[in-house]
Amino acid sequence: MTKKNRIEYLICTLCIFVTGFFLYGSLGIIQPMFKENQLHSFLLFGCLGGVGFSMMVSTIILSVRYFKKCGLKFKIVAAILWPITFAVCLYAGTLSYIPYQIYNVVKLVTMIKEEKKLDKTDFGKFSLNTRNRCYTYFKIVGNFNPDEVTELLKLTPEKTWKIGDLRRNGTVYDFALWEIGRCTKYDVEVENQM
């Protein structure tokens, strides 16, 4: 699951928990179970209602996600055997509710820490928390004489070769090249590079 999906799941189940807690807690006050102690009844019924409703929503969310990933044959069998499918989803959702909530929070914290670590990581000469920058240079490739380009532009190129010049590996270039403007600093403004 993505970070966004995990946050949505957590918010959804927590909102349902709070709603169920107050609804069922209010019902617990009407007829207290513990010797006229309304607070204990409110908390007990509230916890049962909140966890129960939240558990059902969690089961639905996770079951739908699971069935989206399954193949058509599996979905057909699950639809035909719907009572078994329903029971398995209900029990799996109920038993995995609290462990999955814990796992989800741990995973979210880990994802946030990794994002912060990536923001501070230096990839080459630029980092992810800096604004985007450009890398510019001017290059001509083709069938021409690089010396004529140098004369015409009145600039000294950083790299040139002519058709027929030898490469490092001993083969011959079948095209000419004239290049200027390569730099080692990737975070310079384009205007400064030109």
Minimum heavy-atom separation for [X] to [Y], with atom names?
| X | Y | answer |
| --- | --- | --- |
| Thr85 | Ala78 | OG1-O, 2.8 Å |
| Lys139 | Glu179 | CD-OE1, 3.5 Å |
| Phe42 | Ile29 | CD1-CD1, 3.6 Å |
| Gly93 | Thr59 | CA-OG1, 3.2 Å |
| Gly20 | Phe53 | CA-CD1, 3.8 Å |

Under the 3.5 angstrom rule, does the side chain of [X] hit a backbone N or O of [Y] as a donor-acceptor pair?
| X | Y | answer |
| --- | --- | --- |
| Asp165 | Tyr173 | no |
| Thr13 | Ser54 | no |
| Thr171 | Arg167 | no |

Is there side-chain contact between [X] and [Y], with at least one heavy-atom pair below 4.5 Å?
| X | Y | value |
| --- | --- | --- |
| Leu166 | Trp161 | no |
| Asn143 | Phe175 | no |
| Tyr97 | Val51 | yes |
| Asn104 | Tyr9 | yes |
| Leu14 | Val18 | no |

Same apolar cluster: [X] and [Y], side chain cutoff 4.5 Å:
| X | Y | result |
| --- | --- | --- |
| Tyr103 | Leu62 | yes |
| Ile16 | Tyr100 | yes |
| Ile102 | Met55 | yes |
| Phe22 | Leu39 | yes |
| Leu81 | Phe74 | no |

Nearest-0.5 Å distance, [atom1] of residue [X] to [atom2] of residue [Y]:
| X | Y | atom1 | atom2 | result |
| --- | --- | --- | --- | --- |
| Ser58 | Ile98 | OG | CD1 | 10.5 Å |
| Thr110 | Lys3 | OG1 | NZ | 12.0 Å |
| Leu48 | Leu43 | CG | CG | 11.0 Å |
| Arg6 | Met111 | CZ | CE | 5.0 Å |
| Ser96 | Tyr91 | OG | OH | 14.0 Å |
| Phe45 | Leu27 | CZ | CG | 8.0 Å |

Problem set entry | Contacts of Lys162 that satisfy salt bridge (Lys or Arg N to Asp or Glu O under 4.0 Å) - sequence neighbours left out |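 Partners of Lys162 under the salt bridge (Lys or Arg N to Asp or Glu O under 4.0 Å) test: Asp147.
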
For this session: Can you establish whether the number of heavy atoms outside Phe67 located under 6.0 Å from its atom CZ is more than 12?
Result: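 Counting neighbours around CZ of Phe67, more than 12 heavy atoms of other residues, nucleotides or ligands fall under 6.0 Å, so yes.
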
Exercise. More than 12 foreign heavy atoms under 6.0 Å from NZ of Lys75: is that the case here?
Worked result: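 Buried by this count: over 12 neighbours within 6.0 Å.
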
Exercise. What's in the same ILVMFWY side-chain cluster as Ile140, cut-off under 4.5 Å, chained through other members?
Worked result: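 For the cluster that includes Ile140, the remaining residues are Phe138, Phe144, Val149, Leu153, Leu155, Trp178, Ile180.
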
